[in-house]
Enquirer: 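I have a structure here, written as structure tokens, and I will follow up with some questions on it.
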Amino acid sequence: FSNDEVEILEWSPDIGWAAPTLPEWASELLSFYSSTHSLYGHGVNYSPLSAEWTAVDTSWIENLEGELAKRNFVHVSEHFGYSRIGRLDQGAPLPIPHTAEAVAAGQFKLAKLAQTTGGKIGLENLALAFSLSDVKDQGRFLDELLEPFDGFILLDLHNLYCQLENFGLSAEELLSTYPLDRVREIHISGGSWSQSIEKKIRRDTHDNEVPDEVLALLPLVLDKCPNIEAVIFERLGGTMNTAE
């Protein structure tokens, strides 16, 4: 930051709502990138595919309105899937079957988001999937959800990598299932492995180095996606413990 090498910044506003006060350095960075039209919004707790509208959703939208009054965002994205259901108020995004009812529920909540932001909304692809059909259908599902709003896809390359490893697909095969002209932003991160009953599962935990396989996806994806504006590196705070 001090060498002016970071062109854009992405901020998850709903993380900040839980903090009593932001550190001064964080507020200054957000204000600077907001003033230069270089601040991107990325929500994590809206749960676009939860079927019910609850008081939690109303509060989330009201908080976002307050955020938008303070800062200018190039656009605002969220995560495909749902992270809130019943008594569960917050969790990791989970996949949902591709049905007409799910599309309608998602479009209802995305319409609320679009009305609040004035448009320019998108969804990030999900790393988790319950079946191979979930994986192969996610691109079409995203396209249907976003079509009424001319929404964009935030393509997370590590999430793609998780699906490639967990379901034995090739990058070309998986990318062919996505509407790549909708991709405006890319995420790059690392993750970890977990042991399930039968095999290892790759997870998008943002707590480790970016695998070489993920970096190798970048030129391939850049070549196939004509409308990309930004490439963002994700890493959990507290996990960069050495100078290297």
Enquirer: Can you tell me if S31 uses its side chain to pair, donor with acceptor, with the backbone of E28 under 3.5 Å?
Expert: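 Pair absent, no side-chain N/O of S31 close to backbone of E28.
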
Enquirer: Can you hop from L236 to V44 via hydrophobic side chains spaced under 4.5 Å?
Expert: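 L236 does not cluster with V44.
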
Enquirer: Give a yes or no answer on whether the side chain of E78 reaches the backbone of Y46 with a donor-acceptor pair at less than 3.5 Å.
Expert: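 Checking the backbone N and O of Y46 against the side chain of E78, a donor-acceptor pair under 3.5 Å is found.
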
Enquirer: Which atoms form the tightest heavy-atom contact between P226 and L180, and what is the distance?
Expert: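 Heavy atoms only, the tightest pair is CD-O, 4.1 Å.
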
Enquirer: With a 3.5 Å distance limit and no angle check, can you tell me whether N159 reaches the backbone of N125 through a side-chain donor-acceptor pair?
Expert: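 Judged by distance alone, yes, a pair lies under 3.5 Å.
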
Enquirer: Could you check whether D14 and W60, counting side-chain N and O atoms only, form a donor-acceptor pair closer than 3.5 Å?
Expert: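 Yes.
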
Enquirer: Please name all residues satisfying side-chain hydrogen bond (donor to acceptor under 3.5 Å, both in side chains) with W53, sequence neighbours left out, ordered by chain then number.
Expert: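 By the side-chain hydrogen bond (donor to acceptor under 3.5 Å, both in side chains) rule, W53 matches T58.
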
Enquirer: Quick one: does V6's side chain get under 4.5 Å of Y33's, heavy atoms only?
Expert: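 A side-chain contact under 4.5 Å exists here.
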
Enquirer: Check step by step if side-chain contact (heavy atoms from CB on, under 4.5 Å) holds for I96 and F141.
Expert: CA-CA 10 Å; I96 191 166; F141 199 163; 3.9 Å; yes

Enquirer: Check for me, please, whether F167 and L217 land in the same ILVMFWY cluster - side-chain distances under 4.5 Å, paths through other members count.
Expert: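 Hydrophobic grouping puts F167 with L217.
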
Enquirer: Hey, quick one: are I15 and L22 part of the same hydrophobic cluster, counting side-chain heavy atoms closer than 4.5 Å, chains of contacts allowed?
Expert: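 No, it is not one cluster - the side chains of I15 and L22 are not joined through contacts under 4.5 Å.
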
Enquirer: Hey, what do you get for CG (D156) to CD1 (I186), rounding to the nearest 0.5 Å?
Expert: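 So the gap between those two atoms works out to 9.5 Å.
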
Enquirer: Would you say V214 and D212 make side-chain contact, with heavy atoms under 4.5 Å?
Expert: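 The answer is no, as the side chains (C-beta and beyond) never meet within the 4.5 Å cut-off.
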
Enquirer: Heavy atoms only: give me the nearest A129-Q163 pair and the separation to one decimal.
Expert: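 Heavy-atom minimum between the residues: CB-NE2, 4.1 Å.
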
Enquirer: If you round to the nearest 0.5 Å, how far is CG of N166 from CG of L128?
Expert: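 Those atoms lie 8.5 Å apart.
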
Enquirer: Kindly indicate, with the supporting measurements, whether the criterion side-chain contact (heavy atoms from CB on, under 4.5 Å) is fulfilled by L155 and V221.
Expert: CA-CA 9 Å; L155 195 64; V221 170; 3.8 Å; yes

Enquirer: Assess whether side-chain contact (heavy atoms from CB on, under 4.5 Å) is satisfied between F149 and L113, documenting all intermediate values.
Expert: CA-CA 10 Å; F149 318 101; L113 185 59; over 6 Å; no

Enquirer: Look at the side chain of K109 and the backbone N and O of S47, then say whether any donor-acceptor pair between them is shorter than 3.5 Å.
Expert: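 Judged by distance alone, yes, a pair lies under 3.5 Å.
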
Enquirer: Between H98 and Q138, does any side-chain donor sit less than 3.5 Å from a side-chain acceptor?
Expert: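 There is no such pair (donor and acceptor under 3.5 Å, judged by atom type) between the side chains of H98 and Q138.
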
Enquirer: Would you compute the distance between atom CZ of F73 and atom CD of E10 and round it to the nearest 0.5 angstrom?
Expert: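 F73 CZ to E10 CD: 10.0 Å, rounded to 0.5 Å.
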
Enquirer: Going by atom types alone, do H75 and E185 pair a side-chain donor with an acceptor below 3.5 Å?
Expert: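 Looking only at side-chain atoms, E185 and H75 do form a donor-acceptor pair, the distance falling under 3.5 Å.
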
Enquirer: Hydrophobic cluster membership, with links at side-chain heavy-atom distances under 4.5 Å among I/L/V/M/F/W/Y: are I228 and Y178 in one?
Expert: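 They do share one cluster, since a chain of ILVMFWY contacts under 4.5 Å joins I228 to Y178.
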
Enquirer: For H158, does its backbone N or O pair with a side-chain atom of S189 as donor and acceptor, under 3.5 Å?
Expert: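 Side chain of S189 to backbone of H158: no pair is present.
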
Enquirer: S83: which residues meet the side-chain hydrogen bond (donor to acceptor under 3.5 Å, both in side chains) condition with it, sequence neighbours left out?
Expert: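 Per chain and number, S83 pairs via side-chain hydrogen bond (donor to acceptor under 3.5 Å, both in side chains) with no residue.
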
Enquirer: Between G190 and D204, what is the shortest heavy-atom contact and its length?
Expert: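 The pair with the smallest heavy-atom distance is O-OD1, 4.1 Å.
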
Enquirer: Please determine if D150 and R182 form a salt bridge, counting it only when a charged side-chain N lies under 4.0 Å from a carboxylate O.
Expert: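 Counted as a salt bridge, because a side-chain N and a carboxylate O are separated by less than 4.0 Å.
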
Enquirer: Please answer whether the main-chain N or O of F130 pairs with a side-chain N or O of D134 as donor and acceptor at a distance below 3.5 Å.
Expert: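 Checking the backbone N and O of F130 against the side chain of D134, a donor-acceptor pair under 3.5 Å is found.
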
Enquirer: For atom CD of E229, is the number of surrounding heavy atoms from other residues, nucleotides or ligands below 6.0 Å larger than 12?
Expert: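 Yes, the 6.0 Å shell around CD holds more than 12 heavy atoms from other groups.
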
Enquirer: Any side-chain to backbone donor/acceptor pair from R184 onto L154? Under 3.5 Å, distance only.
Expert: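 No.
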
Enquirer: So, do F32 and L9 sit near enough that their side-chain heavy atoms are less than 4.5 Å apart?
Expert: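 Answer no - side chains too far apart.
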
Enquirer: Does the distance from a Lys or Arg side-chain N to an Asp or Glu carboxylate O, for E165 and K199, drop under 4.0 Å?
Expert: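 Result for this pair is no, no salt bridge flagged.
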
Enquirer: I need the minimum non-hydrogen distance between P48 and L123, along with the two atoms involved.
Expert: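 Residues P48 and L123, closest heavy atoms: CG-CD2, 4.0 Å.
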
Enquirer: Check for me whether K120 meets the cation-pi criterion with F152, that is, NZ or CZ under 6.0 Å from the six-membered ring centre and within 45 degrees of the ring axis.
Expert: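 No, K120 does not sit over the ring of F152.
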
Enquirer: Can you tell me how far CG of L157 sits from CD1 of I188, rounded to the nearest 0.5 angstrom?
Expert: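 Separation between the atoms: 5.5 Å.
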
Enquirer: I'd like to know whether CD of Q195 has more than 12 heavy-atom contacts from other residues, nucleotides or ligands below 6.0 angstrom.
Expert: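 Atom CD in Q195 is crowded, with more than 12 foreign heavy atoms closer than 6.0 Å.
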
Enquirer: Ignoring hydrogens, what is the shortest heavy-atom contact between L145 and L49? Give both atom names and the distance.
Expert: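 For L145 versus L49, the nearest heavy atoms are CD2-CD2, 4.0 Å.
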
Enquirer: So do L220 and E172 actually touch side chain to side chain, heavy atoms under 4.5 Å?
Expert: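 The answer is yes, as the side chains (C-beta and beyond) meet within the 4.5 Å cut-off.
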
Enquirer: Can you measure from CD (E124) to CG (L142) and round to the nearest 0.5 angstrom?
Expert: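 Between atom CD of E124 and atom CG of L142 there are 10.0 Å.
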
Enquirer: Between the side chain of S50 and the main-chain N/O of Y82, is any donor-acceptor distance below 3.5 Å?
Expert: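 Not at all, since once roles are kept as given, no pair shorter than 3.5 Å links the two residues.
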
Enquirer: Measure the shortest side-chain to side-chain distance between S133 and D137 over non-hydrogen atoms and say whether it is less than 4.5 angstrom.
Expert: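 They are not in contact (no side-chain heavy atoms under 4.5 Å apart), so the answer is no.
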
Enquirer: What residues form a side-chain contact (heavy atoms from CB on, under 4.5 Å) with K136, not counting sequence neighbours?
Expert: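 Partners of K136 under the side-chain contact (heavy atoms from CB on, under 4.5 Å) test: L132, L169, E173.
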
Enquirer: Heavy atoms, side chains only, cut-off 4.5 Å: are L30 and S27 in contact?
Expert: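 No, their side chains stay 4.5 Å or more apart.
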
Enquirer: Listed by chain and number, what are the side-chain hydrogen bond (donor to acceptor under 3.5 Å, both in side chains) partners of S194, not counting sequence neighbours?
Expert: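 Partners of S194 by the side-chain hydrogen bond (donor to acceptor under 3.5 Å, both in side chains) criterion, ordered by chain and then number, come out as R203.
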
Enquirer: In terms of side-chain geometry, is the basic nitrogen of K112 or D57 positioned less than 4.0 Å from the acidic oxygen of its partner?
Expert: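 No, K112 and D57 are not salt-bridged.
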
Enquirer: Are L160 and V183 co-members of a hydrophobic cluster defined by side-chain heavy atoms under 4.5 Å apart?
Expert: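 Yes, one cluster joins them.
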
Enquirer: Among side-chain atoms of S77 and H42, is any donor-acceptor pair under 3.5 angstrom?
Expert: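 S77 vs H42: donor-acceptor pair found between side chains.
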
Enquirer: Begin from the C-alpha positions of D143 and R140 and carry the test salt bridge (Lys or Arg N to Asp or Glu O under 4.0 Å) through to its verdict.
Expert: CA-CA 5 Å; D143 197 30; R140 187 161 64 94; over 6 Å; no

Enquirer: So do the side chains of P13 and N63 get within less than 4.5 Å of each other, counting heavy atoms only?
Expert: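 They are not in contact (no side-chain heavy atoms under 4.5 Å apart), so the answer is no.
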
Enquirer: So, does H79 use its side chain to make a donor-acceptor pair with the main chain of G43 at under 3.5 Å?
Expert: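 Such a contact is found between H79 side chain and G43 backbone.
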
Enquirer: Quick one: are I153 and F80 in side-chain contact, heavy atoms under 4.5 Å?
Expert: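 With C-beta onward as the side chain, the pair stays apart.
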
Enquirer: Rounded to the nearest 0.5 Å, what separates atom CD1 in I121 from atom CD in Q115?
Expert: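 Atom-to-atom, I121:CD1 and Q115:CD are 9.5 Å apart.
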
Enquirer: Can you name the side-chain contact (heavy atoms from CB on, under 4.5 Å) partners of I8, sequence neighbours left out?
Expert: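 For I8, the residues satisfying side-chain contact (heavy atoms from CB on, under 4.5 Å) (neighbours in sequence not counted) are S38, Y40, A230, I232.
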
Enquirer: Please collect all salt bridge (charged side-chain N to carboxylate O under 4.0 Å, His left out) contacts where either partner lies in residues 64-73, sequence neighbours excluded, each pair once.
Expert: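 Every pair satisfying salt bridge (charged side-chain N to carboxylate O under 4.0 Å, His left out) with a residue in residues 64-73: E67-R71.
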
Enquirer: Looking only at heavy atoms, what is the nearest atom pair of L64 and T117, with distance?
Expert: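 Nearest pair, atom of L64 first, then T117: CD2-CG2, 4.0 Å.
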
